[in-house]
Peer 1: 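Take a look at this one; I'll ask things after.
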Amino acid sequence: VTATENTTDDNGGGIFIKNGTLNITGGAVTKNKAAGKPESFTTATGGGTIKGQYGGGGIYARNSSVTLNNVSISENVQTNEKDNRYHAGGILVYYGSLTMDGCTIKNNHTFGTSGCGGGAYILHADSTISNSYIENNAAFNGGGIYFYDAVDFAEDKCTGKHTHLITGSTISGNTASNIGGGMYVG
């Protein structure tokens, strides 16, 4: 699969998936752009309905299972600078799971003064990353990868407890203007 040079004013410049399963073996998600568009949900702490996270220049996955094998995610951009909820230059996984093996996430970035996850933004999702490279991505927080699991910002029935396992992988050359150049976990 190759998704290249696509643009949207919504989420998922290259690929958008919601409530489904995405399996890709081989290929590239490259030079895509997403401005991001709000989605709403009810919080687990009863805080009412709030706007969710959005962006995902390369891939946006919500309530979905994503498995990537030998896939390159590069030079994707989240383009919106107006709001602090626009994230993920490369891939945004928002509830569900991400499994990556032999992948490269590089040269992705997100704009704005609080954009998170230049390479990847993993929000309330389990993740297993093996034998992969996360390099030269940029964001305000979490230049390479931004993991966020705090229960104060979770959909109803979400515990805020998720597992992140990274093995045999390299995280290097990433930049954050604020915190977590390579990785932020919170």
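Below, all heavy atoms of this structure are taken into account, side chains as well, without hydrogens, waters or symmetry copies.
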Peer 1: In this structure, which one of I59, I145, V71 forms a side chain to side chain contact (heavy atoms under 4.5 Å, CB included) with I91?
Peer 2: I59

Peer 1: List the residues meeting side-chain hydrogen bond (donor to acceptor under 3.5 Å, both in side chains) with N141, not counting sequence neighbours, and say none if there are none.
Peer 2: N178

Peer 1: Could you give the distance from CG (L22) to OG1 (T67), rounded to the nearest 0.5 Å?
Peer 2: 8.0 Å

Peer 1: Any sub-3.5 Å donor-acceptor pair from H87's side-chain atoms to C116's backbone N or O?
Peer 2: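 Indeed, once roles are kept as given, a pair shorter than 3.5 Å links the two residues.
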
Peer 1: Is a side-chain donor or acceptor of S64 paired with a backbone partner of N19 at a separation under 3.5 angstrom?
Peer 2: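 Pair found, side chain donor or acceptor close to backbone of N19.
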
Peer 1: Which heavy atom of G12 sits nearest to which heavy atom of A34, and what is that distance?
Peer 2: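 So the two residues come closest at N-CB, 3.9 Å.
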
Peer 1: Using the rule that Ile, Leu, Val, Met, Phe, Trp and Tyr join whenever any side-chain heavy atoms are under 4.5 Å apart, tell me whether I73 and Y133 fall into a single cluster.
Peer 2: no

Peer 1: What is the distance from atom CG of N70 to atom CE of M100, rounded to the nearest 0.5 Å?
Peer 2: 10.5 Å

Peer 1: Among N69, D101, L68, which residue satisfies the side chain to side chain contact (heavy atoms under 4.5 Å, CB included) criterion with T25?
Peer 2: N69

Peer 1: Could you state whether L123 and V185 fall into the same hydrophobic cluster, counting links through intermediate Ile, Leu, Val, Met, Phe, Trp or Tyr residues with side-chain heavy atoms under 4.5 angstrom apart?
Peer 2: no

Peer 1: Do you know which of Y95, F147, Y94 makes ring-ring contact (aromatic ring centres under 6.0 Å, His included) with H124?
Peer 2: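 With H124 as partner, ring-ring contact (aromatic ring centres under 6.0 Å, His included) holds for just one option, Y95.
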
Peer 1: Consider only side-chain heavy atoms of I, L, V, M, F, W and Y, link residues closer than 4.5 Å, and tell whether M183 and I134 are in one cluster.
Peer 2: yes

Peer 1: Would you find a donor on one side and an acceptor on the other, under 3.5 Å apart, between the side chain of N174 and the backbone of A138?
Peer 2: no

Peer 1: Verify, without hydrogens or angle tests, whether S97 (side chain) and S127 (backbone) share a donor-acceptor contact under 3.5 angstrom.
Peer 2: no

Peer 1: Can you give me the closest heavy-atom contact between G115 and A139, atom names plus distance?
Peer 2: O-CB, 3.6 Å

Peer 1: Between N137 and I105 (side chain of the first, backbone of the second, donor and acceptor by atom type, cut-off under 3.5 Å), is there such a pair?
Peer 2: yes

Peer 1: Name the residue from F140, Y184, Y146 that meets the ring-ring contact (aromatic ring centres under 6.0 Å, His included) definition with Y121.
Peer 2: Y146

Peer 1: What's the spacing between S132 OG and I166 CD1 if we round to 0.5 Å?
Peer 2: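 Spacing of OG (S132) from CD1 (I166) equals 9.5 Å.
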
Peer 1: List the residues meeting side-chain hydrogen bond (donor to acceptor under 3.5 Å, both in side chains) with T99, not counting sequence neighbours, and say none if there are none.
Peer 2: none

Peer 1: Side chain to side chain contact (heavy atoms under 4.5 Å, CB included) for T79 and T7? Distances and angles first, verdict last.
Peer 2: CA-CA 10 Å; T79 60; T7 301; over 6 Å; no

Peer 1: With rounding to the nearest 0.5 Å, note down the distance linking CG in L98 to CD1 in I122.
Peer 2: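 Reported to 0.5 Å precision, the distance equals 5.0 Å.
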
Peer 1: About how many Å separate CD of E75 and NZ of K31, when rounded to the nearest 0.5 Å?
Peer 2: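 The NZ atom of K31 sits 5.0 Å away from the CD atom of E75.
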
Peer 1: Identify the two heavy atoms, one from A3 and one from N6, that lie closest to each other, and give their separation to 0.1 Å.
Peer 2: C-ND2, 3.7 Å

Peer 1: For N107, does its backbone N or O pair with a side-chain atom of S74 as donor and acceptor, under 3.5 Å?
Peer 2: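 Side chain of S74 to backbone of N107, a donor-acceptor pair under 3.5 Å: no, none is there.
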
Peer 1: Between N108 (side chain only) and N76 (backbone N and O only), is there a donor and an acceptor less than 3.5 Å apart?
Peer 2: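 Yes: the side chain of N108 pairs with the backbone of N76.
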
Peer 1: Look up atom CG in N11 and atom CD1 in I17, then write down how far apart they are to the nearest 0.5 Å.
Peer 2: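 Answer for the CG-CD1 pair, N11 versus I17, is 13.5 Å.
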
